[in-house]
Amino acid sequence: MGHEAKHLIIIGITGNIGSGKSTVAALLRSWGYPVLDLDELAARARENKEEELKRLFPEAVVGGRLDRKALARLVFSDPERLKALEAVVHPEVRRLLMEELSRLEAPLVFLEIPLLFEKGWEGRLHGTLLVAAPLEERVRRVMARSGLSREEVLARERAQMPEEEKRKRATWVLENTGSLEDLERALKAVLAELTGGARGGPG
């Protein structure tokens, strides 16, 4: 992908549920780095392809519109239907991503991709940044902010690749176990490596 765009470096940000990847993305944005959210692009892709998806998944149509939760229930219990959904949505996500990248004039771009390793994105990127934290801490964070039960959070965790495996695959691992200042320092160290120390955030 990076060879098709004019950017020098494209880095993926990922992490399991409750790890703090959105916090890292927000920090990067506040420091002036472009961060594209693949979940947002996927939502736009589903909207763009809604008529096609309604024909493919009539059971997920509620009140004339495609119902995202009904669609999720359909595809995640049936691997063949999930493949059919991805065959429609993934090319559109890629088109939207390339469109966004072509607008940017930046030597360093970040993509926030929750299922980066699960979907095999690492081969398309110049590096991967894993935001990591102990399971119990992540469960506590998600329960506090979402109202989900412990078992619901753990079910979502089990649906993702284990963090231990992601640690082995990632280019960089950010340990998000301390304060926000600790996380900022660790992130600045990665940025200094990426930019040769020229621009590693404020201060």
Side-chain angles (χ1 to χ4, degrees), residues 1 7 9-47 68-69 72 89 93 96-97 100-101 104 106 108-122 124-150 152-167 169-191 193-194 199-203:
M1 181 197 330
H7 311 292
I9 305 171
I10 301 177
I11 303 296
I13 305 167
T14 196
N16 278 22
I17 187 168
S19 63
K21 58 187 173 294
S22 296
T23 301
V24 168
L27 281 172
L28 289 166
R29 287 189 182 101
S30 74
W31 295 342
Y33 293 95
V35 183
L36 302 177
D37 184 337
L38 263 287
D39 274 355
E40 286 182 10
L41 293 183
R44 280 170 53 193
R46 284 191 298 273
E47 286 177 16
R68 185 180 172 183
K69 287 182 180 176
V89 173
V93 170
L96 291 170
L97 176 57
E100 291 289 335
L101 289 172
L104 295 171
L108 178 57
V109 178
F110 293 88
L111 307 182
E112 186 180 350
I113 312 175
L115 298 178
L116 189 157
F117 293 112
E118 289 87 344
K119 297 295 184 183
W121 272 86
E122 64 265 43
R124 310 178 198 181
L125 303 166
H126 295 95
T128 55
L129 176 59
L130 174 69
V131 188
L135 176 61
E136 285 305 318
E137 192 167 335
R138 294 191 285 107
V139 169
R140 192 164 58 247
R141 287 174 189 166
V142 177
M143 288 175 65
R145 76 180 184 221
S146 68
L148 292 173
S149 70
R150 176 180 173 80
E152 285 172 323
V153 179
L154 289 174
R156 295 185 183 199
E157 170 72 14
R158 285 192 294 270
Q160 297 182 309
M161 184 185 291
E163 189 181 86
E164 296 74 32
E165 179 61 27
K166 293 182 179 180
R167 283 176 178 272
R169 299 187 183 200
T171 315
W172 298 277
V173 179
L174 280 186
E175 303 289 353
N176 186 18
T177 55
S179 66
L180 182 61
E181 289 74 22
D182 292 334
L183 186 63
E184 286 184 3
R185 274 194 295 273
L187 182 55
K188 285 178 186 177
V190 173
L191 288 169
E193 190 177 331
L194 279 166
R199 181 178 169 222

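Position 1 is the first residue of the sequence, and the numbers go up from there.
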Quiz: residues 128-139 side-chain donor-acceptor pairs under 3.5 angstrom, not counting sequence neighbours:
from   : atom 1 : to     : atom 2 : distance (Å)
Thr128 : OG1    : Thr171 : N      : 3.0
Thr128 : OG1    : Thr171 : OG1    : 3.4
Glu136 : OE1    : Arg150 : NH1    : 3.0
Glu136 : OE2    : Arg150 : NH2    : 2.8
Glu137 : OE2    : Arg141 : NH2    : 2.8
Arg138 : NE     : Ala133 : O      : 2.9
Arg138 : NE     : Glu163 : OE2    : 3.4
Arg138 : NH1    : Ile17  : O      : 3.0
Arg138 : NH1    : Glu157 : OE1    : 2.7
Arg138 : NH2    : Glu157 : OE2    : 3.1

All salt bridge (Lys or Arg N to Asp or Glu O under 4.0 Å) counterparts of Arg158, not counting sequence neighbours: Glu151

Min side-chain heavy-atom separation Val35-Val24 under 4.5 Å: no

About how many Å separate CD of Glu165 and CD of Gln160, when rounded to the nearest 0.5 Å? 14.0 Å

Residues two or more places apart in sequence or in another chain: which of them pass side-chain contact (heavy atoms from CB on, under 4.5 Å) with Glu164? Pro162

Taking only residues two or more places apart in sequence, or in another chain, which ones meet Glu175 in a side chain to side chain donor-acceptor pair (under 3.5 Å)? Arg167

Where is the tightest heavy-atom contact between Glu184 and Trp31, given as atom of each residue plus distance? O-CH2, 3.9 Å

Distance check, rounded to the nearest 0.5 Å: Leu97 atom CG versus Leu36 atom CG? 6.5 Å

Are Tyr33 and Leu194 side-chain neighbours, meaning at least one heavy-atom pair lies under 4.5 Å? no

Could I get the full list of side chain to side chain donor-acceptor pair (under 3.5 Å) partners for Glu47, not counting sequence neighbours? none

Could you note down all residue pairs passing salt bridge (Lys or Arg N to Asp or Glu O under 4.0 Å) where residues 10-39 supplies at least one of them, sequence neighbours left out? none

Between the CG atom in Asn176 and the CG atom in Leu183, the distance rounded to the nearest 0.5 Å is 4.5 Å

Output for pair (Leu180 CG, Arg185 CZ), nearest 0.5 Å, gives 10.0 Å

For Arg169, look at atom CZ and say whether over 12 heavy atoms of other residues, nucleotides or ligands are found less than 6.0 Å away. yes

First locate atom CG of Leu108, then atom CG of Leu191, and finally report the distance between them rounded to the nearest 0.5 Å. 7.0 Å

Pairing residues for Ser22 by the side chain to side chain donor-acceptor pair (under 3.5 Å) criterion, not counting sequence neighbours: Glu112

What pairs with Ala42 under side-chain contact (heavy atoms from CB on, under 4.5 Å), at least two apart in sequence or on another chain? Arg46, Val93

Contact between Val190 and Ile11 at the side-chain level, heavy atoms closer than 4.5 Å - yes or no? no

Determine the minimum heavy-atom distance between Ala45 and Leu96, stating which atoms define it. N-CD1, 3.7 Å

Output all residues satisfying salt bridge (Lys or Arg N to Asp or Glu O under 4.0 Å) with Glu152, sequence neighbours left out; order by chain, then residue number. none

Rounded to the nearest 0.5 Å, what separation is found between the CH2 atom of Trp121 and the CD1 atom of Ile113? 5.0 Å

Does any N or O in the side chain of His126 come within less than 3.5 Å of the main-chain N or O of Ile10, such that one atom is a donor and the other an acceptor? yes

Looking at every non-hydrogen atom in both residues, tell me the closest pair between Met143 and Leu148 and how far apart they are. CG-O, 3.5 Å

Any idea which heavy atoms bring Thr14 and Leu115 closest together, and the distance? OG1-N, 4.4 Å

With sequence neighbours left out, the residues meeting side chain to side chain donor-acceptor pair (under 3.5 Å) with Arg44 are Glu100

